[in-house]
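Below is one structure, written out as structure tokens; the observations come after it.
Please read these numbers as outputs of a predicted model, since none were measured by experiment. All values below come from the heavy atoms of this structure, side chains included, with hydrogens, waters and symmetry mates left out. If you read the sequence from its start, that first residue is 1, and numbering goes on from there.
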Amino acid sequence: MLFLCHWLVLLTFKHVHKPSLTAMIAQFFGDLLQFSSDGLGSMVSVAFFPTSIQPQNRVSGTLVLRSILVLVLGWMVVGFGGSQAIGQQVDPFSIPLPGQLPNPSEAQASQLPEWIQNVDSFFGTYLVKPLEAVLFYDFGTPYWLGVKVPFVVVWLLFAGIFLTIRMGFINVRLFGHAIDLIRGKYDHEGDRGDVSHFQALSSALSGTVGLGNIAGVAIAIGTGGPGATFWLIFFGLIGMTTKFAECTLAVMYRTQDQKGNVLGGPMVYLSRGLHGMGYGALGKVLAVAFTILCIGGSFGGGNSYQVAQSLNAFQAEPAFAILKTSPWIYGVLMALAVGVVIIGGIKSIGNFAGIVVPFMCLAYLLMCLTILGTNYQRIPTAVTEILKGAFSPAALYGGFFGVLVIGAKRACFSNEAGAGSAAIAHSAAKTEEPVSEGIVALLEPFIDTVVVCTLTGLMIVVSGVYRIPEVQQMAVDNKGSMVTLEAVTQNPNFAWFKYVLYTAIFFFAYSTCVSWSYYGERCFVSLFGQKSSLIYKFLFLSFTVLGSIVQPNNILEFSDMMILTMAIPNLIGVFLLSNQIYVQLQVYIAKLKSGEIGPQR
């Protein structure tokens with residue numbers, strides 16, 4: 001069947017005309033050999049950005065497209081064979097929603113060794129709860145809105161709308177130019193920086209495309225209903241301009257550390273940029289506040305959360321039963337794997353991310369598209385559920401504001417727009433035009449949220465598993481990766497997809513830990529000097545192990561607080577410096593129109 005699909009795809013290309021059986025066989029195995037000889041890196045680069053690699057290392061774009069179509073068609077053919085089996089099961093859409101969501105389960109915690117329970121209790125009682133009372137203060141919104149709305153959510157919403165209007169909807173106008181930039185059309189020899197546009201984007205994406213895209217979206221739908229998907233998309237779209245603004249500033253004010261490595265990001269532009277405006281004292285306070293929060297965010301959302309969610313998925317597999325009673329084993333192994341990479345610094349992270357991130361995104365997206373293709377008849381119902389749930393959600397999800405808050409928190413946690421973290425990676429890009437890197441950066445929320453998160457959300461809604469009581473319990477317990485696993489394995493013919501998901505979960509978690517270690521290390525160095533780098537890496541790897549011990553609820557709350565609250569000091573500076581960004585943008589557009597900035601010849 002796969003071979004037939006391959007022949008059908010061959011017929012769609014002009015250079016193939018009724019191939020003989022011998023020619024088809026030769027073409028089929030020739031494709032396989034070409035992939036093997038050219039390597040994974042070339043295949044991935046061509047699939048996404050065909051001109052980002054040298055001509056002699058390129059795989060034919062037609063070859064890549066043809067092979068991708070073969071995989072999708074083949075999987076869908078097999079999947080349609082299993083659609084009847086799904087129809088014989090209870091349709092999840094027929095299951096009525098309960099009056100309220102279940103309470104968090106404490107059964108799993110009681111099964112763990114006493115020392116692990118003590119560590120978790122200490123973490124929750126003396127760290128998470130006190131910080132939540134301060135950083136997520138709600139100004140009494142539960143009394144006059146009926147749901148808790150943290151100030152930071154309103155702050156992010158205002159920032160996204162304000163900057164999108166102020167910059168003239170640059171997220172739409174220069175989207176095509178952003179694609180040209182990462183394809184290398186405007187790269188020039190001698191540009192300052194450590195990594196290319198493509199590697200900077202990949203490094204930043206490896207920090208944002210993580211378990212927030214798999215587990216976070218599942219938690220959002222499980223606790224906020226299908227409508228949370230709509231608000232995920234909305235905050236992703238307006239977050240594109242927020243990301244543009246902060247990454248432009250990161251390149252404008254970047255400097256170098258004692259070893260000559262680029263040092264940039266909010267901790268630099270808040271201090272240097274506001275000092276130039278006469279607000280030096282305010283700039284220093286905001287820079288220190290951001291630095292502390294970013295270090296905390298690297299320990300939480302960029303590390304422990306990734307470990308906890310990936311661990312939950314593997315614990316569901318019988319082959320890894322030992323991880324249920326000895327989860328620390330996974331934490332230690334992950335710490336060793338992360339430690340091998342982070343010793344190399346940003347250049348090794350860029351090389352690593354440039355290969356792994358596109359590949360794991362492609363594999364995961366193919367899986368999502370295949371599941372949606374085999375359930376195409378449910379897509380209209382799912383879209384209706386998403387739109388209806390966004391504006392008139394069921395009472396158990398907390399009403400309109402409840403769903404909006406859940407969608408906003410998960411969107412910001414996923415794409416980090418406004419948090420300022422990705423600006424640290426983008427500051428290292430090789431470019432003499434700060435605006436160009438800001439334009440590249442706006443693709444990040446689009447890829448992360450509008451594409452990856454949306455496909456995950458649509459896949460879960462189409463499956464209908466969010467209505468099943470046992471799955472709702474998983475979501476309430478913040479075991480989002482297990483919710484996604486339920487959606488992926490609904491079709492018996494696709495049961496093997498769980499291994500694709502396991503692989504994606506591991507690499508998403510791993511690459512996020514690797515990139516966030518760089519964010520936190522840059523902040524730590526800016527506070528304590530270059531010699532403190534090794535101390536930070538030791539602390540970071542300690543939290544990697546801790547992520548396998550502390551319960552997901554405590555880890556998610558801590559991670560949300562750190563990452564979302566980073567947006568407060570960061571966006572104060574972005575607002576104050578927004579006129580400088582606007583002027584730089586107008587100058588850049590004028591250079592583009594005049595031809596002063598043009599593609600390399």
Side-chain angles (χ1 to χ4, degrees), residues 5 9 35 40-41 43-50 52 59 61 63-79 179 182 198 201-202 204-218 221 229 232-233 236 310 313 353-376 379 382-383 386 411 414-415 443-463 480-481 483-485 487-491 494 496-512:
C5 291
V9 174
F35 272 118
L40 176 62
M43 179 191 73
V44 170
S45 298
V46 173
F48 284 86
F49 314 111
S52 65
V59 180
L63 168 64
V64 173
L65 178 60
R66 188 168 62 224
S67 301
I68 289 173
L69 288 174
V70 169
L71 287 173
V72 174
L73 286 172
W75 284 352
M76 289 178 65
V77 167
V78 174
I179 300 295
I182 56 177
F198 176 72
L201 178 66
S202 295
L205 276 173
S206 66
T208 55
V209 178
L211 270 297
N213 301 82
I214 295 178
V217 174
I221 295 173
T229 307
L232 273 165
I233 298 171
S310 56
I355 295 175
V356 174
V357 174
F359 173 73
M360 67 185 186
C361 282
L362 181 61
Y364 182 73
L365 294 179
L366 283 174
M367 183 186 70
C368 291
L369 290 171
T370 304
I371 292 174
L372 290 174
T374 56
N375 292 278
Y376 70 94
I379 292 179
V383 172
I386 290 171
S414 179
N415 63 46
L443 290 174
E444 197 180 315
F446 181 82
I447 296 171
D448 175 273
T449 307
V450 180
V451 177
V452 182
C453 284
T454 299
L455 285 176
T456 300
L458 194 58
M459 178 180 68
I460 293 172
V461 175
V462 162
S463 72
S481 56
V483 175
T484 307
L485 182 62
V488 165
T489 57
Q490 265 224 313
N491 186 330
F494 286 155
W496 61 274
F497 266 10
K498 67 180 180 179
Y499 300 111
V500 178
L501 184 63
Y502 289 155
T503 305
I505 284 174
F506 175 79
F507 278 114
F508 276 25
Y510 182 50
S511 63
T512 300

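Using cut-offs of 30° and 60° for the angle between ring planes, the Phe494 and Phe497 rings count as parallel.
Scanning both residues, Ser463 and Gln490, for their nearest heavy atoms gives O-OE1, 3.2 Å. In plain terms, the two heavy atoms of Gly480 and Ala218 that are nearest each other are O-CB, 3.2 Å. Summarising the geometry of Ala313 relative to Ser481, their closest heavy-atom pair is N-OG, 3.6 Å, with the distance given to 0.1 Å. In this structure, Gly373 and Tyr376 approach most closely via the heavy-atom pair O-CD2, 3.3 Å. Between Val462 and Ala382, the shortest heavy-atom contact is CG2-CB, 3.7 Å. Between Val451 and Ile447, the shortest heavy-atom contact is CB-O, 3.4 Å.
No option in Ile386, Val217, Asn213, Ile233 other than Ile233 meets the side chain to side chain contact (heavy atoms under 4.5 Å, CB included) test with Thr454. Between Tyr364 and the options Ile505, Leu455, Val500, Thr456, a side chain to side chain contact (heavy atoms under 4.5 Å, CB included) holds for only Thr456.
One finds the CG atom of Leu372 at 10.0 Å from the CE atom of Met367 (value rounded to the nearest 0.5 Å).
Distance alone, capped at 3.5 Å, is enough to place a donor-acceptor pair between the Asn375 side chain and the Ile371 backbone. A donor-acceptor pair under 3.5 Å links the side-chain atoms of Thr484 to the main chain of Ile214, judged by distance alone. In this structure, the side chain of Thr449 does not engage the main chain of Phe446 through any donor-acceptor pair within 3.5 Å.
Between Asp448 and Cys453, some side-chain heavy-atom pair lies under the 4.5 Å cut-off.
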Item to check | side-chain contact (heavy atoms from CB on, under 4.5 Å) evaluation trace for Thr229 with Ile221 | outcome: CA-CA 7 Å; Thr229 307; Ile221 295 173; 3.5 Å; yes

